[in-house]
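Atoms within each ligand, like the ligands themselves, are counted from 1 in listed order.
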Amino acid sequence: MTTLAAELRQRIAAQGPITVADYMAASNAAYYRRDDVFGANGDFVTAPDISQAFGELIGLWTAVTWQAMGAPYPFRLIECGPGRGTLMRDLLRATAKIAGFHAAADIHLVEASPYLRSCQAWALGDREATWHGTIDSLPAGPAIVIANEFLDALPIRQFEKHADGWRERKIGLGPDGYFVFVAAARSDVPDADGLAADVGAVFEICEPARAWAAALGRRLARDGGAALVVDYGHRTSAVGDTLQAVRRHGYHPIFRSPGEADLTAHVDFAAVAAAAHATGAVCHGPVEQGLWLRRLGIQVRQTQLTAGKSEVVAREISAGIRRLIEPDGMGMLFKVLALGHPSLASLEGFAQDGGP
Ligand code: SAH
């Protein structure tokens, strides 16, 4: 049993069942402090580590957006949950020749894990950055915000449909003293009203993701700029139990090792967009990741990256890019949503999709 599992069991024994959000928050806070999460030898690999083209194209998107904002000097270049810092490193390399961009970019990274902060500092080399535990301490001003696979790690609450209505799914202890789901008292779940839901169906709400989108939407509408959210999830709110644990590149039972597996849930893009829209931001997309990367020119980048390489290396580069864009890889499940100041009428990669 993990140390955290023992702590959570004590907590439940003393205070009663906890929410799925409590469990997920405690597990991920412990998990992301570890030094062996990312990469081939870790638990999972993300897009920036699959192909450098990912961070480079997001870099170009950032530079074009900055120009559309009127090239403000300075502007806050913010990344939430930067992991090992690969995306920001590739973004900065790809934008090095854009006149004035690097001089104007004031980098702020939102990262809870001390270990990952040190990886990010290393990835950035000489570039200065300021770290924040949450978005609350970010300085005001025009901003471009990037969040890749950040919202899926934020804690969700789950509600289960019973014959008499919705009940929150909580986590208690079974007769053997181990974790089990228990149903709390009946509660109203207005967001689930109108959704087709059979008895047993699960509806998820990620309150921190909504709060994040609302706070950023308010700030972007006030100070200018845009945010780019890339994650896996669904376009419209729907029922479905999407809570999952991943360890060593495979699915893992969610109750087995809290703090030692990555707990995530699909992002409800409709809920995120609605929260940002309500505070004055304009939403673009979501667009499927494969389509968005193609519109940004990933195939041209593939040709450049493979030119002059040995066949083996070229094949590896192409395989990475295919994984990002193909429907059976990350191309369809992953989606890209932008939030922006109303003056940014169209944003690169979204033009044909209109507003929310
Ligand atoms: N964007 C990176 C990492 C994704 S993993 C990539 O694509 O590779 C999620 C990241 O969010 C990690 O850096 C993790 O430490 C951070 N994170 C998770 N929950 C957080 C929270 N509540 N506050 C701040 N950072 C958080």
Side-chain angles (χ1 to χ4, degrees), residues 21-59 62 77-92 107-124 129-138 145-156 206-213 215-216 227-233 243-247 249 258-267 289 293 320 323-324 330 333-337:
D22 290 334
Y23 182 85
M24 196 172 165
S27 178
N28 278 350
Y31 178 70
Y32 284 109
R33 285 176 180 273
R34 297 165 62 93
D35 61 4
D36 57 353
V37 166
F38 296 95
N41 298 322
D43 293 322
F44 60 91
V45 181
T46 55
D49 285 314
I50 292 171
S51 171
Q52 68 183 79
F54 187 75
E56 290 170 346
L57 292 175
I58 290 182
T62 304
L77 176 55
I78 299 166
E79 186 177 358
C80 292
R84 293 202 287 197
T86 311
L87 191 160
M88 186 56 81
R89 189 196 63 202
D90 292 340
L91 177 158
L92 290 171
I107 301 177
H108 293 267
L109 304 176
V110 179
E111 174 57 66
S113 154
Y115 170 72
L116 289 175
R117 285 184 182 199
S118 68
C119 297
Q120 293 152 18
W122 186 81
L124 293 192
T130 310
W131 277 266
H132 304 261
T134 71
I135 58 169
D136 300 337
S137 56
L138 289 168
V145 185
I146 312 290
N148 182 56
E149 289 209 46
F150 173 66
L151 295 184
D152 66 58
L154 300 183
I156 55 155
C206 187
E207 285 163 346
R210 293 173 180 211
W212 181 89
L216 281 184
L228 191 72
V229 179
V230 188
D231 223 312
Y232 51 104
L243 180 65
Q244 64 180 35
V246 166
R247 197 171 178 205
H249 305 276
E260 293 183 1
D262 184 33
L263 285 181
T264 63
H266 284 205
V267 171
Q289 174 172 296
L293 289 171
R323 187 166 162 197
L324 296 185
M330 300 163 77
L333 176 59
F334 279 73
K335 299 183 178 64
V336 188
L337 171 76

Here the gap from Cys119 atom SG to Arg89 atom CZ, rounded to the nearest 0.5 Å, amounts to 11.5 Å
For Tyr232 and Thr264: C-alpha separation, side-chain torsions, deciding distance, then whether side-chain hydrogen bond (donor to acceptor under 3.5 Å, both in side chains) applies. CA-CA 10 Å; Tyr232 51 104; Thr264 63; 2.5 Å; yes
What do you reckon, does Asn28 put a non-hydrogen atom under 4.0 Å from ligand 1? no
Minimum-distance protein heavy atom relative to atom 17 (N) of ligand 1: Phe150 CE1, 4.0 Å
Between the CG atom in Asp231 and the NE2 atom in His266, the distance rounded to the nearest 0.5 Å is 9.5 Å
Could you list the atoms of ligand 1 found under 4.0 angstrom from a heavy atom of Pro48? 7 (O)
With the threshold set at 4.0 Å, does a side-chain nitrogen-carboxylate oxygen contact exist between Arg247 and Asp262? no
Note the single closest protein heavy atom to atom 22 (N) of ligand 1, along with its residue, its atom name and the distance in Å. Leu154 CD2, 3.7 Å
Heavy-atom contacts under 4.0 Å between Asn148 and ligand 1: side chain, backbone, both, or neither? both
Heavy-atom distances under 4.0 Å decide this one: backbone, side chain, both or neither, for Leu87 against ligand 1? neither
Taking atom 3 (C) of ligand 1 as the reference point, the nearest protein heavy atom with its distance: Gly81 O, 3.3 Å
Between Gln120 and ligand 1, does any nitrogen or oxygen pair lie at a separation below 3.5 Å? no
Within the structure provided, determine whether Pro48 and Asn148 are in side-chain contact (heavy-atom separation under 4.5 Å). yes
Top protein contact for atom 9 (C) of ligand 1, by heavy-atom distance: Glu149 O, 3.4 Å
Gly83 N/O to ligand 1 N/O under 3.5 Å: yes
Can you tell me which residue and heavy atom of the protein come closest to atom 13 (O) of ligand 1, and the distance to 0.1 Å? Glu111 OE1, 2.6 Å
Among all protein heavy atoms in this structure, tell me which lies nearest to atom 8 (O) of ligand 1, with the distance rounded to 0.1 Å. Thr46 OG1, 2.5 Å
What about Tyr32: any of its N or O atoms under 3.5 Å from an N or O on ligand 1? no
Atom 25 (N) of ligand 1 has as its nearest protein heavy atom Ala112 N, 3.4 Å
Ligand 1 contact on Ala25 by region, counting heavy-atom pairs under 4.0 Å: neither
Can you tell me how the ring of Phe44 sits relative to the ring of Phe38, calling it parallel under 30°, perpendicular over 60° and tilted otherwise? perpendicular
As an exercise, state the distance from CG of Leu87 to CD of Gln52, rounded to the nearest 0.5 Å. 12.0 Å
